Amino acid sequence: MGVVRLSSSMTEPRDYKPTLNLPKTSFPMKANLAQAEPATLARWQANDVVGAVTQARAASEPFVFHDGPPYANGSIHVGHLLNKVLKDIVVRSVLMEGRACHYVPGWDCHGLPIEHRVMTGLVESGKAAKLDTLSDDHRRMAIRRECAAYATKFIKSQAIQMQRLLTLADYANPYFTMQPQYEAGTLEVFADLLEQGFVFRQLKPVHWSIANQTALAEAELEYEDRVDPSIYVDFEAADRAKVDAVFKTECACNPSFMIWTTTPWTLPANLAIALHPTAQYALVEMDGSLTIVAAEMLERVAAIVGATTVTTLATARGSDLVGLEYRHPFCDRTGRIVAADYVTMDDGTGLVHTAPGHGDDDYRTGLREGLDVYCPVQGDGTFDATAPAWLRGKVVWDANTLVVEHLRASGHLVHALQFTHSYPHDWRSRTPVIFRATEQWFIGVDRRGVRAGQSLRTMAMDAVNNSIKFVPQWGYSRMKGMIENRPDWCISRQRAWGLPIPAFRTPNDGVFMTAASVRAVAACVRDKGSDAWFTLSPAELLGSYDAGSDPDAPQDLDISALSKMYDIFDVWFEAGSSWNSVLRQRGIGFPADLYLEGSDQHRGWFQLSMLPALGVTGVNPFRTLLTHGFLVDKDGRKMSKSAGNALDVDVILKDFGAEVARWWVSGVAYDGDIRIDLDYFKVAGESYRKVRNTLRFLLSNLYDAPPWTQEEALAIARAAKPESIDGWLLGELSLLELECRAAYKAYDFRRVHLGIFNFCNESLSSIYCAAVKDRLYCDAADSPRRRQTQATARTAMEVLCRLLAPFLPHTAEEAWTALRGSDAPLLFSQVHLGIAATRDARWDEVMIARSAVSKALEGAKSLGIENPLDAAITLPDPIGALAPFAAELADLCGVSRVALDAEASTVTVADLRSQPRCDRSWRRDSTVRQRSDGGMLSDRDALSVGVLPKLS
RNA sequence: GCGCCAGUAGCUCAGCUGGCUAGAGCACACCCCUGAUAAGGGUGAGGUCGAUGGUUCGAGUCCAUUCUGGCGCACCA
């Protein structure tokens, strides 16, 4: 019998495979994310994971993190994907630290983009004309109903898409800016600001449609060519001597300032002439009269007006002319020369006709110079009583001709011609619009508040400089610059789709609105929503208002005589009140620990949340500001549908899955531009798979591990000798855990990502798993050495699941369940282990030696030693640094034998191919001999299969 | 035009307060393994650090200018 077996084993090695502890696992290699993720999502929803997590953290210190509301319009794009995933990583990493985080998703619902789309739809379907026959309230309500339905529809679809990204948030109780309680919260903020004295009403020019008697937004304008008179007009200097002083001349007659305009009808409102402070201006004699124009423009102007003799008498800097006065050509007043940076030398004369009531630039210049925002044009486009008699009651378009003729007659007109230019038109009536000053509501940034005695700008600057943490740092300078420069905040809009500014018109054309009256309306809105403004009477709206207890109430207030005004709030005011409407009203906490949005929100939500919160509470609404850059395509160009370089979120989810997308986000350097391309998801998919397979290897070797608790496994792992491979891994694992947790806290997700990837790729896959394979497969199943390794692998899994959970909630949970069984506790009810094992620096030398062996083996391939198990290595060990690790070196290097030699200077590779090979472990160990069962086995393998060494 | 930011191997990025022949991962090439297998391991090639000028014994790293791109703001009377 023995002889027979012997001969067969000589020709054909025995098959010991069934005696090995080969890996087994239910955790599949292929993630199948596109199918598996929706199932996970459904399970989370069915099991109310949000509720369970909230409950698990009920007693924990809350981390207040507040969602900035995206606009409820359209499908989500990759920018949302980035933003929402980053936020979710924050939420989940905070939870894994054991803190509570009640994250409420929000949506911005009001505003022009939706109203504009709805109106376009109504125009196209022919319903818009019918609207115009309704009363103001009914027409507005009809539009509002359409808008609300539109917003609701997109909130629903976006919520589904956002959940598909596997984000964990209270989707059952989201916030919308159109919710009654939200609107009431916004009005309360407004009431407080009013009380503090920050709110005021002032004229400001807006685009005005004469046909519809309404202000229009940029989006409602269509630019069409229009022919207007283009005129060059002389404005006579008021004091010839002063002009002489500036130019150092002695004029024979009175000089004039020549301006150019294509809107003669705005001349009655002229209050100043703007020039560029650093440009040169020339005093010229032009066909007998003295005129001042920009030196640079002289030649062109002379050619246009057809001047025959032109002589420059003198030149002066623009800044020297500032302060000179001129006589208005047909109104009985003088105007002043002012400086303005925006004056260019592209058109005109270098001297700009300035009417603060009819232009944005003019308006700002006027404010700076303390000029009136004078606008003699009424809502119907006619001139009012303050205009010269010959213009009163005339429509501006007719006034154009009248003004030109008047100037011609009075000798002020230098030249007139017909000029075709692009001009804004009302998109609905297709009539030209005018720029006209109207009364608007403002929040003043430089007014001192009643309580704090400080202006919003001062408070905001203080917050920026002293109490806000900016991530990344450059957000500081950006925010600072914006706060320093920002003008007063115009919060009123003349639209239907929004939260009404609850002001009332009194019979004598005054305005009634006090903090108390706003609060009364807020109470009504909390109950009935802002539609109430359009469906109820002033008396009903002010039902809870008591003039007697309102110190600000006007003496002769007659509520029954009030009429409603119809301005609505800038949507930014609503979004900027979310700290009150959501964080405070819902008792989530104030201020927030973190606001996180794209860098465009420095001007938007960030800043416009700061101002109201500071005004009302004196406290900045967020402690830390985290901002991310914008997505650009792989050539660094911005994404847009028109350029065709936009990526579709649905395609990404279908082809790669949310987890791969999340894995990509986690590894991205989010400060600054972020390049995005489908190829990058392929790369992310590869590295995801690498991590996944590493987890799978660990899991597959735990199938027969004893049912340790996590603490028991950790205790066994900790007991490993520092010189063992397990001891080494535990040190690395501990370091990884420490570094990742610190990086999560610093919002440096990329560092976590790279840390985890490198750990899986190198520490585990390349070093540990390869080294430990032999003992896992070949040692007796319950040998202490194998159990030790299993406990270490188990601990590594416990740590990795937790570290990965914020990035890969689905995969981490899948692995967690594979590790702990289907009755495992919820992963997000767990906290990090904190294994705190010390990393033994002596291993550095070992790893250096290991690399040296790899290189030496590469060289040995030319000698025919292609399989490392055919090699025996001799390592130089002059100072005995490697000696303590001698028992692990062969496994670590993947070779059959390693010897140390204090005298050697280089790594040598010996050929073992003539030495017997173990049929079971394939190693050419020095103990390999033929055993009683006829197989060639090493001592360890003989022991493992229970075959006694054959007596020789 | 103004403010902020970025520009390092084919790709994604490290390179702290300036200091040895500029690093890593992916991709690529070649090889090994076939008991992690639509897996795993090894070795290697690859960069005038956007450009120009300057400071310095020495600059990817500091300064100036410039080009390209992104975000925001302003502007076309």
Side-chain angles (χ1 to χ4, degrees), chain A residues 16-18 20-25 29-30 259-263 266 273-274 340-344 346-349 351-355 358-362 364-365 421-422 435 472 474-482 484-486 598-604 627-639 664 667-669 671-675 677 679-680 682-684 686-687 689-690 692-701 750-751 754 757-758 761-762 765-767 769-770 773-774 776-778 851 853-855 857-859 861-862 865-869 894 920-922:
Chain A
Y16 283 102
K17 191 165 175 176
L20 294 171
N21 316 303
L22 289 181
K24 250 182 268 177
T25 178
M29 193 149 117
K30 197 169 177 324
I259 62 97
W260 171 69
T261 184
T262 55
T263 51
T266 62
I273 293 175
D341 292 338
Y342 56 79
V343 173
T344 64
D346 300 334
D347 283 303
T349 63
L351 290 162
V352 176
H353 149 56
T354 298
H358 290 301
D360 220 35
D361 262 341
D362 309 43
R364 262 188 301 280
T365 301
H421 59 161
S422 166
F435 224 52
W474 55 258
Y476 164 76
S477 35
R478 182 153 184 178
M479 184 63 92
K480 190 177 155 193
M482 288 184 172
E484 272 170 350
N485 296 323
R486 74 149 302 134
S599 59
D600 56 335
Q601 298 303 329
H602 284 90
R603 168 78 42 184
T627 187
H628 61 253
F630 268 67
L631 295 174
V632 295
D633 71 13
K634 67 162 175 257
D635 301 318
R637 307 199 177 266
K638 77 162 150 195
M639 315 223 77
W664 172 77
V668 116
D671 47 330
D673 307 342
I674 301 153
R675 289 165 192 258
D677 190 78
D679 282 345
Y680 301 170
K682 281 185 198 150
V683 173
E686 292 293 329
S687 79
R689 239 163 282 143
K690 178 77 201 195
R692 185 180 177 88
N693 274 323
T694 306
L695 297 180
R696 181 167 181 267
F697 179 84
L698 295 180
L699 280 170
S700 68
N701 285 292
R750 183 180 162 72
R751 220 170 83 216
L754 293 174
F757 180 77
N758 286 333
N761 197 27
E762 285 179 53
S765 190
S766 163
I767 300 175
C769 298
K773 250 181 188 177
D774 173 77
L776 285 171
Y777 296 174
C778 304
S851 311
V853 171
S854 290
K855 287 199 172 67
L857 285 170
E858 198 66 27
K861 279 178 185 169
S862 59
I865 308 171
E866 296 193 317
N867 186 336
L869 286 177
R920 187 163 176 274
S921 67
W922 299 337

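Here the structure is a predicted model, which is why all the values come from computation and not from measurement. The chains referred to below are lettered A, B, ... by the order of the sequence lines, with proteins before strands, and numbering in each begins at 1. We use all heavy atoms of the structure for the numbers below, so side chains are in, but hydrogens, waters and symmetry mates are not.
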query: For B:G35, what is the paired nucleotide under Watson-Crick or G-U wobble rules, both distances under 3.5 Å?
result: none

message: Need one value for A:E866: base, sugar-phosphate or nothing, where a base atom within 4.0 Å counts as base even if backbone is also close, heavy atoms only.
response: sugar-phosphate

message: Looking at B:C31, I'd like to know if its phosphate oxygens (OP1 or OP2) sit under 4.0 Å from a side-chain N or O belonging to A:K861.
response: no

- prompt: Is the distance from OP1 or OP2 of B:A39 to the nearest side-chain N or O of A:K30 less than 4.0 Å?
  reply: no

Side-chain donor/acceptor of A:R478 to base of B:C71, under 3.5 Å: yes

query: Counting N and O atoms only, with roles assigned by atom type, does the side chain of A:R920 sit under 3.5 Å from a partner on the main chain of A:C778, one being a donor and the other an acceptor?
result: yes

query: If you measure from the P atom in B:A59 to the same atom in B:C16, how many Å do you get, rounded?
result: 16 Å

field: P atoms of B:U8 and B:C49, separation to the nearest Å
entry: 11 Å

field: Position toward the 5' end of RNA chain B (nearest nucleotide), A:R675 or A:S765
entry: A:R675

- prompt: With both distances kept under 3.5 Å, what pairs with B:G7, Watson-Crick or G-U wobble?
  reply: B:C67

statement: If pairing means Watson-Crick or G-U wobble with both distances under 3.5 Å, then the partner of B:G46 is none

- request: Could you please name the option among B:U34, B:G41, B:U12 that lies closest to any side-chain atom of A:S766?
  value: B:G41

- prompt: Separation of A:D600 atom CG from B:C71 atom C1', in whole Å?
  reply: 7 Å

query: In whole Å, what separates the C1' atom of B:C26 from that of B:C20?
result: 29 Å

field: Contact summary for A:T354 and A:D362, nearest pair of heavy atoms
entry: CA-OD2, 3.2 Å

- line: Ranking B:G42, B:A77, B:G25 by distance to the side chain of A:N758, first place goes to B:G25

task: Nearest whole angstrom, please: distance from the P of B:A38 to the NZ of A:K682.
output: 21 Å

statement: Mate of B:A24 across any strand shown (Watson-Crick or G-U wobble, both atom pairs under 3.5 Å) is B:U12

message: Output the rounded distance in Å from CG (A:L22) to P (B:U37).
response: 10 Å

query: For A:K24 and B:U37, what is the distance between atoms NZ and P respectively, to the nearest whole Å?
result: 14 Å

- request: Please determine, for the side chain of A:F630, which listed nucleotide (B:G70, B:G25, B:G40) has the closest atom?
  value: B:G70

- request: In whole angstrom, give the distance that lies between atom CG of A:D361 and atom P of B:C73.
  value: 16 Å

- request: Give one of base, sugar-phosphate or nothing for A:R486, where a contact means two heavy atoms less than 4.0 Å apart.
  value: nothing

Contact under 4.0 Å: A:T266 side-chain N or O vs B:A77 OP1/OP2: no

statement: Nearest heavy-atom contact between A:S599 and A:G629 is OG-CA, 4.5 Å

Between C1' of B:G35 and CG of A:N867, the distance in whole Å: 13 Å

message: Once you apply a heavy-atom cut-off of 4.0 Å, does A:S854 come out as touching a base, just sugar-phosphate, or nothing?
response: sugar-phosphate

- prompt: So, A:S765 side chain and A:E762 main chain: donor-acceptor pair closer than 3.5 Å or not?
  reply: no

message: At 4.0 Å (heavy atoms only), tell me whether A:H353 reaches a base, stays on the sugar-phosphate, or touches nothing.
response: sugar-phosphate

Base of B:G35 and ring of A:W922 stacked, centres under 5.5 Å, planes under 30°: yes

query: So, for A:T266 and A:T261, which heavy atoms are closest and what is the spacing to 0.1 Å?
result: OG1-OG1, 4.4 Å

- request: For A:R689 and for A:Y680, find the nucleotide of RNA chain B with the closest heavy atom, then tell me which residue's nucleotide is more 5'.
  value: A:Y680

query: Is there a side-chain polar atom (N or O) of A:K690 under 4.0 Å from OP1 or OP2 of B:G41?
result: yes

field: Exercise: identify the closest heavy-atom pair between A:Y777 and A:P23
entry: CE2-CD, 3.4 Å

- prompt: Counting any heavy atom closer than 4.0 Å, what does A:V632 reach on the DNA or RNA strands: base, sugar-phosphate only, or nothing?
  reply: sugar-phosphate

- prompt: Just how far, in rounded Å, is P of B:U34 from OH of A:Y777?
  reply: 13 Å

- prompt: Distance between the C1' atoms of B:A27 and B:G69, in whole angstroms?
  reply: 25 Å

- request: Once you apply the 3.5 Å cut-off to both distances, tell me the Watson-Crick or G-U wobble partner of B:G72, or none.
  value: B:C2

Euclidean distance for P, B:G19 against B:C32 (whole angstrom): 43 Å

message: Quick check: closest heavy atoms across A:N693 and A:M29, and the distance to 0.1 Å?
response: OD1-CG, 3.1 Å

message: Quick check for you: among B:U37, B:C71, B:A77, whose closest atom lies nearest to any side-chain atom of A:M29?
response: B:U37

Distance between C1' atoms of B:A74 and B:U56 (Å, rounded): 41 Å

- request: Can you tell me the pairing partner of B:U56 across any strand shown, Watson-Crick or G-U wobble, with both distances under 3.5 angstrom?
  value: none

- request: Please name the pair of heavy atoms, one in A:C769 and one in A:L698, separated by the smallest distance, quoted to 0.1 Å.
  value: SG-CD2, 4.2 Å

message: Using the P atom as the point on both nucleotides, what is the distance between B:A64 and B:C2, in whole Å?
response: 15 Å

field: Pair A:E686 + A:R689, salt bridge at N-O below 4.0 Å
entry: yes

query: Within the structure, does a side-chain N or O atom of A:N761 lie under 4.0 Å from either OP1 or OP2 of B:A24?
result: no

field: Interatomic distance where CG belongs to A:L776 and P belongs to B:G40 [whole Å]
entry: 18 Å

field: Residue-phosphate contact under 4.0 Å: A:K773 side-chain N/O, B:A36 OP1/OP2
entry: yes

message: Please report the distance separating the C1' of B:C71 from the corresponding atom of B:A9, rounded so that it comes out in whole Å.
response: 29 Å

